[in-house]
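Here the structure comes first, spelled out in C-alpha cells, and everything after it is commentary.
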Protein chains: 2
Amino acid sequence: MANLETDLYSVKDKMYAAADCIIFGFDSGKLKLLIFRRRVEPLKGEWSLIGSFVRLEEDVTEAAKRVLKEITGLENVFMEQLKTYGKADRDPGFRCLSIAQYALIRIDEYDEELVEKHGAHWYNIDAVPGLVLDHNKMVQDALERLRQKARYQPIGLNLLPEKFTIPQLQQLYEVIYQKELDSRNFRKKLLSLKVLIKLDEKDKTNSRRGAFLYKFDYKTYHELEKIGYNFEIS
Amino acid sequence: MANLETDLYSVKDKMYAAADCIIFGFDSGKLKLLIFRRRVEPLKGEWSLIGSFVRLEEDVTEAAKRVLKEITGLENVFMEQLKTYGKADRDPGFRCLSIAQYALIRIDEYDEELVEKHGAHWYNIDAVPGLVLDHNKMVQDALERLRQKARYQPIGLNLLPEKFTIPQLQQLYEVIYQKELDSRNFRKKLLSLKVLIKLDEKDKTNSRRGAFLYKFDYKTYHELEKIGYNFEIS
DNA sequence: ATAATAAATGTAAAATGTACGTTAATTATA
DNA sequence: TATAATTAACGTACATTTTACATTTATTAT
C-alpha cells in the first residue's frame, strides 16, 4: 500500500477500501467531532474524517481501531459501523469504498499530545468545516444514527465519564436530541429504569449543593435487555 | 472481472467487494428468504445469498439492484444497506468485503420463471439451509434489523400487496416479532395512527364475512414523519 | 332458517407520560 | 453567624396510552 500514488496502473484498476471514523465527544455541554488533515492525494491537507485504507490482510474493524488508536491513543472504545459509502465516483483518485464507523469517546480520556501531533482538532458539531469527499454527509448520517439509537439504547453513556450526575446526563440528551427536557420528568423516567447505581459521592463543579454521582449498571441492564427491555428516553 | 479465477496473482493481491442481498418475502403467513446456488469458486454450487461482485465502475447500490433484477425481475424494491462484512479471512478465495443489503419484496410480484431459471429458491426463514461463508450470520443480522426497524417504521408494508387487510398486517407483524398480538388492540392502535386508507373492497379469501382492504397513506405518513411522528407498533 | 366463522367494535383498569410547584442542601457574602 | 443565591431533588394531579378481556356483526355453506 505504500506506493499507491506511484503505481498508476494498479490504482486505476483496483478497488480500495477505507475505514473512516466519525469520532464524537462531549465537552462543556457541547457535542464535538474530531477531524484531521487528509494524508493522501488527492485533497491532501484538507479537513477530513480520521481514516485510513484498509490493508489487504486486515479486518475492516481492525483498520478503524488502528487509526483511532493512532490519533487518540484510545483502545476499547465504543465503535459501531455506520454504513458503507460505495458510489463509484465518490473519490476522484481511486475506486474506493468507505466503511464509515462512528465512535463515542470520553473526551477527558484521549491523549492530547498525540492528537496535536497528528494535527487533529475537535470541532463543535454545529461548526464542522467543509470536509473532503462525502465526509460531511457521513457526519450527518452518524448524527442521525446517534439520535435514533440513543432513544432506545444507553449508548450516550459512552460519551460521559464512568461516574456522572443526572443533570449531566440530561444535558447530554439535550444536545443529542437538540431539545430541552423537563428535568423533573427526566430524572423520574431515568430512575424508574432501575439501571443507575447511586454513589455517595457528589460532583460540586456546577452547584453549591452538588449533584450525586451515578454509575450505569451494565450487568443488570444486559439481563433486562434479554427479556425485551428498552432503555427508552424521550 | 471475467477472468477472476484464472489470474491468480491479481486475485491474491486485490481487494474485492461483493453485494449480497438478503431477500425477504411473506407468503401464507410465513416469512421467507430467497437464496440460490453460488456461481463462483470456491464453494461453487452451494446455497448462498443472492449476490455478485461489485464492478469497478459500478455503485454498490447498483450492484445489488443488478442482481436483484437479474434473479427476480424486480426493480424499485425496498432495499437498505444492512452492514459490511469485512473480516480479512471471511472468504477463503479472495480478500473480499461483502456489503450486505436486505430487500423486502411483495412475493406475488416476482418473476417465477426467472427465479427458477437461476436455480433460486424460497425457504421459510426458520428452515434456511447452511449457506456459504458468513451468509447465515447475515440473515440473522438482517432479521434482527427488520425486527428492530419494523417497531418504529412501516417498512413491513413492503412485504404485503398494496391493498391489504388488517388481519393480514397483524399476521405479518406476528411473524416478524415472533409473538402473538391481541387483534383488538392491534387494530385500535393501527387505526389511531391515521395513516391507513379504508377502501370499500373486501378480501374474502379468509372468511365468509370478508375483511376490508386498506392502503397505506404514504403522503400523510411522510408529512407526519417530518414533525417527529413514529409509526410504533408493538 | 340456521350454524359456523372470522371481522369488527367496545370498555374498564392499569400504567405511563406530561406539566407543573415546592423543598433541600450547600457555600459565598454581608 | 445569618442570609441570599443557586442548583439538585422530590411530589402531585391530570391526560394519554396500553392492556386485558367480551360482545356484536356480516357473510355464506348447509
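Hydrogens, waters and symmetry mates are skipped; everything else that's a heavy atom, side chains included, is used. Here is the naming used below: chain letters follow the sequence lines, and residue numbers restart at 1 for every chain. Keep in mind it's a predicted model, so treat the numbers as computed, not measured.
Side-chain atoms of B:Arg208 and base atoms of C:dA6 include no donor and acceptor less than 3.5 Å apart. The base of D:dT19 sits with one of its N or O atoms less than 3.5 Å from a complementary donor or acceptor on the side chain of B:Lys188. Between the base of C:dA19 and the side chain of A:Arg184 there is no donor-acceptor pair shorter than 3.5 Å. Between the base of D:dA8 and the side chain of A:Asn206 there is no donor-acceptor pair shorter than 3.5 Å.
No donor-acceptor contact under 3.5 angstrom links the side chains of B:Arg151 and B:Ser234, judged on distance only. Side-chain contact check for B:Ser98 and B:Asp20: at least one donor-acceptor pair (N or O, by modelled atom type) lies under 3.5 Å.
In this structure, A:Leu193 atom CG and C:dT16 atom P are separated by 10 Å, rounded to whole Å. A straight line from CD of B:Glu180 to C1' of D:dT19 spans 16 Å, rounded to a whole angstrom. Atom CG in A:Leu191 sits about 12 Å away from atom C1' in D:dA8, given to the nearest Å. To the nearest angstrom, P of C:dA8 lies 6 Å from CD1 of B:Ile166. Rounded to an integer number of Å, the gap from B:Gln170 CD to C:dA6 C1' is 12 Å. Rounded to an integer number of Å, the gap from CG of B:Asn230 to P of D:dT17 is 13 Å. Per the geometry, CG belonging to B:Leu196 stands 12 Å off P belonging to C:dA8, to the nearest Å. Atom NZ in A:Lys189 sits roughly 15 Å away from atom P in C:dA19 (whole-Å rounding).
Across C:dT18, D:dT7, D:dC21, the shortest atom-to-atom separation from the side chain of A:Asn185 is found for C:dT18. Side-chain proximity of B:Arg209 to C:dA6, D:dT19, D:dA8: nearest is C:dA6. Residue B:Pro167 places its side chain closer to C:dA7 than to any other of C:dG17, C:dA7, C:dT18. With distances taken from any side-chain atom of B:Phe212 to the nucleotides D:dA26, C:dA8, D:dT18, the minimum falls on C:dA8.
Using a 4.0 Å cut-off, no side-chain N or O of A:Lys204 falls inside it from OP1 or OP2 of D:dA8.
Between B:Lys226 and B:Glu223 no salt bridge is recorded (no basic side-chain N to carboxylate O distance below 4.0 Å). A salt bridge between B:Arg39 and B:Glu70 is present, with a side-chain N of the basic residue lying under 4.0 Å from a carboxylate O of the acidic one.
A residue-by-residue look at B:Glu232 and A:Thr165 shows that A:Thr165 has its nearest nucleotide of DNA chain D further toward the 5' end. For the pair A:Arg187 and B:Asp182, both in contact range of DNA chain D, the more 5′-proximal nearest nucleotide belongs to A:Arg187. Each of A:Ser192 and A:Lys202 lies near DNA chain C, and the nucleotide nearest A:Ser192 is the one positioned closer to the 5' end. For the pair B:Tyr214 and A:Gly210, both in contact range of DNA chain C, the more 5′-proximal nearest nucleotide belongs to B:Tyr214.
Checked against the 6.0 Å centroid criterion, the rings of B:Phe164 and B:Tyr214 do not qualify as a close aromatic pair.
How far CZ of B:Phe24 is from CG of B:Leu159: 8.5 Å, rounded to the nearest 0.5 Å.
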